[in-house]
Amino acid sequence: MIFYRPHANEVEVFETAARNNLPVLLKGPTGCGKSRFVRYMAEKLGRPLVTVACQEDLAAADLTGRFLLEGGQTVWRDGPLTRAVRDGAICYLDEVVEARSDVMTVIHPLTDDRRVLPLDRLGVELSAKEGFLVVISYNPGYQSVTKELKESTRQRFVSLAFDYPNNEIEAEIVAKEAGCDLALATQLVRLGQGSRNLRSHGLGEGASTRLLVYAAALVKGGLSLKDAAEATLVHSLTDDAEMTKALRELVRSVLG
Amino acid sequence: MPAPTIKIEDSLKATMEEYGVTAADLGMEAESDDEAERALLAHFLFTEPKRQSLTGERNGLPLDRVQRQLQALLRMLSGHNFRIAYSDPPCTDNVNVYLPKAAPAPEEPVTDLLLYRVMGLVQVGFVRSKLLRERSILAELHRDWVLRSAFHLLAARWILRRWGDEFAGLKSDIARVPYLEKAGSMRVNVMAVPRDGMPEAFLPLYEGLVVCLNWKTAGPAGDPARESVRRVDALQPGDAAYRDGTVAASLFLAEAQKLREHFRKLRLGPPPLPWYLGVIRPEWILADLGRNIAYENEWKKGQLPLRQLLSAMARNGVGAKPGEPNPGGFGLPRLGLRDRLKAALTGPSQSNAPAYGALRDEHQQKQAEQPEQKWAPGTSADQALAEGEVLKPDENGREYDEWDYKAGSYRFTAVKVVEAEGNSGSKESYDRIVTANQKQIKEIRRRFEALRVEERWLHGQRDGSEIDLNRAIAAVCDIRAGQQPDDRIFKRFQRQKQQVCILTLVDVSGSTQGNILAAEQEAMVLFAEGLRTLNFPHAFYSFGNTHPQEIGIGRIKGFDEVYSEGVYKRLANLRANGATRLGAYIRHAGHILSNRPQARRILMVVSDGKPEDRGDYRGTYGIKDTAMAVQEVSRAGVHCHCISLDSREDAGTYLQEIFGKGKFLQLESVDSLPKRLPEVFRGLVR
Ligand SMILES: Nc1ncnc2c1ncn2[C@@H]1O[C@H](COP(=O)(O)OP(=O)(O)O)[C@@H](O)[C@H]1O
Ligand SMILES: [Mg+2]
């Protein structure tokens, strides 16, 4: 089974929500374990998982499906959402605010007690199979004038707020994921947390858990700690010359 | 026995010297003690901590070259979001960390940066450990320089040791500094003190902090100091006094009190401080407390703030009655400030508030009239002085109404907005910003490039020059599937007229002085550099009014103005001055925009705080009027957006009230403004 280290009671909350067919919203900064958590929960609940990474061009039709021409015939192809509805899967829409707004409109009837997906083109209304669940995620850190989750949408979901875990848990995760020893992981976590102090004060976001795992993997692969930190915690976080210097200083201060 | 007489003039002078305040700072000619006291009080209450500079050679590494880097590092290490501002010697007011503008000559970049880092660590250590939070301790320190010095030396070794224990890399940095000649020059207040001839009783206090003093071991006279140092060094990570700043502070205070007695017996003054350790300025922190309390309560609670202030000052010994023996030995002079102030401020009025307000208004007026020359990164003070010009009105102005929410009606023609050319200066500062930000500008231009939509394919047309293949296929699919197809299957090439225009209205009110203004300036230049490659009609204006009814708006670049020498000069030489009567400014900007032929008119307001001006234009009144102005201009087809540099958590509430949900962006840090402004614009236009 895939490794997931719970931070708090999120597993319990998710399980209960799933049992009651309540859709779930995961919010939190990038690389803090949201996707991992969904994969883990899908395995735990024994349900298939359909993941959709949302981006600007993603329209409702991409989710529901469309007619295609195949050998002179028109054939209907299910989109990922329709597949999930039919299979009783967990449908995970990652970074949902990025998608076009009509995406939310098709999601709505699936999130309340109707649990239906109208397919206008086919002229049918699919009822979701037992086990189907909508999970969406978004990163409130990318605060933007134009993109924001609507209040009415937000209120349709059970929300789980994610953040980077505390020192010990995060070190444990890094050690386990990269297969390195705990002492190394602890040092990396201190660096990561230092950089998070600059979140939206010079750095968009601090180092994610994912980045720390990368750094640990590089060290395990034979790079020196300094070089590994340089390649991940310094250059992956910023292009700005002065922030680069500051991050280097941080690495030096922590590692000695 | 007759009471000892102290001439007030002398002690006042001494106080002013001690704080580095000159008569000019206080805006007084004759130093009548009465006037001077009020001025001194006003100075502490209403002026930002003064960034003073010591005389002497300061040709080392300039702070502004490393300020951003240093600030980022210290923020990451400490987890506190303070700003670095400028003062010599270094100090902190628990909000910002003040470091000298430049290191002493000669310039040795590596050493100087190291020195800045450790100076910063000491000050951040004070902030982070909350050593200077207790009012009672601050009051003690305020009263007595000997106590303050001893406390400082003990606290600094504790702070530095904790940094070293926490970060291995810092430990080696900290260990190097005591060997640096420039770091270890000794001072009492701001006076340099020769290092040889330092009394033995002091010597142990410098152990490990200034190495060149340790050639001599102190005899028995040094015992108490040795003992205190030992006690501080003996603290172990498990001890409460190691972890908890409040516990530590009382320990240091107790030790310092013992040392004071000892030094007094030996007839010694305060032990001098090594330059890199900076100074403790309880008066800044107390004045800040006073200022905060005063601002918050001022009109709401009548005389309360004055009372709190007075009692805070009494605790500091400032307010001892004339003739009474001064409780703090040779601490602060007794000026009898309390009684005089009471008399001067209360007058016949029942409440102190109006008098207090009058004092502040008067002070601010003075400040506004003679803008103080302050250092800000990126601007040279001399330049600003030489080239700065007051607004030259070049139009008769336009009158606007103001919304009075209490009366539920407009105050007709309440303000007149006069347009004038914005402040100008040298083109150098423009070039400097451009050179320093080459990469960002390239990036902005690259991103803006995508906005060039003058020529494009219009998809989904009922008729057009070519078939839109994707749509055609979809239509065929629909027909085959027995559905009603969408017949909009053509596309058409179109040369589109520019439909967007934008006016950026930037806040240069007095409160932006310093970091904010610098960030705004950079943002304006970067934004302009991006915009000029596109053909969006755009304009830049600045606001900040010195008069409540006749308010000036600075034209940096008008819509029809082409980029010329003058525009560059104005863009890069913003000058902070005045208040924020925002409603009128928005109305005027709306007026300018509503005359534009473009269909989409965007008004981008960059501001750092609430709308506030003299009189009743503050609080709810200012907010309601500005909100009304936003509604008015939006009815005229102007989309008003705001980027706010007010990072206080509750600022969202008034911003939402004024601009509406989703129409403002609250930046937590001014530093990100140059990057975010073009981004927000792109998001709006795309
Ligand atoms: N709680 C956790 N348990 C296990 N691994 C984690 C955890 N949190 C983060 N990770 C690690 O961080 C990586 C990134 O997490 P991911 O779920 O992709 O982040 P997100 O979806 O929030 O951007 C994962 O691949 C995993 O290695
Ligand atoms: Mg993810």
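Values below: all heavy atoms of this structure, side chains included; hydrogens, waters and symmetry mates excluded. Labels below follow one simple rule: chain letters A, B, ... track the order of the sequence lines, proteins then strands, and each chain is numbered from 1.
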Practice item. May I have the step-by-step check of side chain to side chain contact (heavy atoms under 4.5 Å, CB included) for Lys245(A) and Val66(B), ending in yes or no? Key: CA-CA 10 Å; Lys245(A) 282 188 204 154; Val66(B) 292; over 6 Å; no

Looking at every heavy atom in both [X] and [Y], which two are closest together, and how far apart are they?
| X | Y | value |
| --- | --- | --- |
| Asp173(B) | Arg252(A) | OD2-NH2, 2.8 Å |
| Ala246(A) | Leu73(B) | O-CD1, 3.6 Å |
| Leu170(B) | Ser253(A) | CD2-OG, 3.4 Å |

Choice from [options] maximising heavy atom contacts with chain A below 4.5 Å:
| options | answer |
| --- | --- |
| Ser647(B), Ser172(B), Gly169(B) | Gly169(B) |
| Lys661(B), Arg117(B), Lys171(B) | Arg117(B) |
| Leu77(B), Leu70(B), Asn81(B), Asp671(B) | Asn81(B) |

Review point. Take atom CZ in Arg154(A); do more than 12 heavy atoms of anything else shown fall under 6.0 Å from it?
Key: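 Check passes, neighbour count above 12.
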
Study note, to complete from the structure: Turns out that what part of Glu166(B) lies under 4.5 Å from chain A's heavy atoms comes down to both

Exercise for review: Check each atom of Arg83(B) against the heavy atoms of chain A and say whether the ones under 4.5 Å are side chain, backbone, both or neither.
Suggested key: neither

Practice item. Go through the steps for Asp240(A) and Arg68(B) under the test salt bridge (charged side-chain N to carboxylate O under 4.0 Å, His left out), then give the verdict. Key: CA-CA 11 Å; Asp240(A) 182 301; Arg68(B) 231 164 69 85; 2.4 Å; yes

**Study point:** Segment of Gln193(A) engaging chain B (4.5 angstrom heavy-atom cut-off)
**Key:**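 When you check distances to chain B, no heavy atom of Gln193(A) falls under 4.5 Å.
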
**Study point:** Rounded distance [0.5 Å steps], CZ in Arg75(B) versus CG in Leu198(A)
**Key:** 7.0 Å

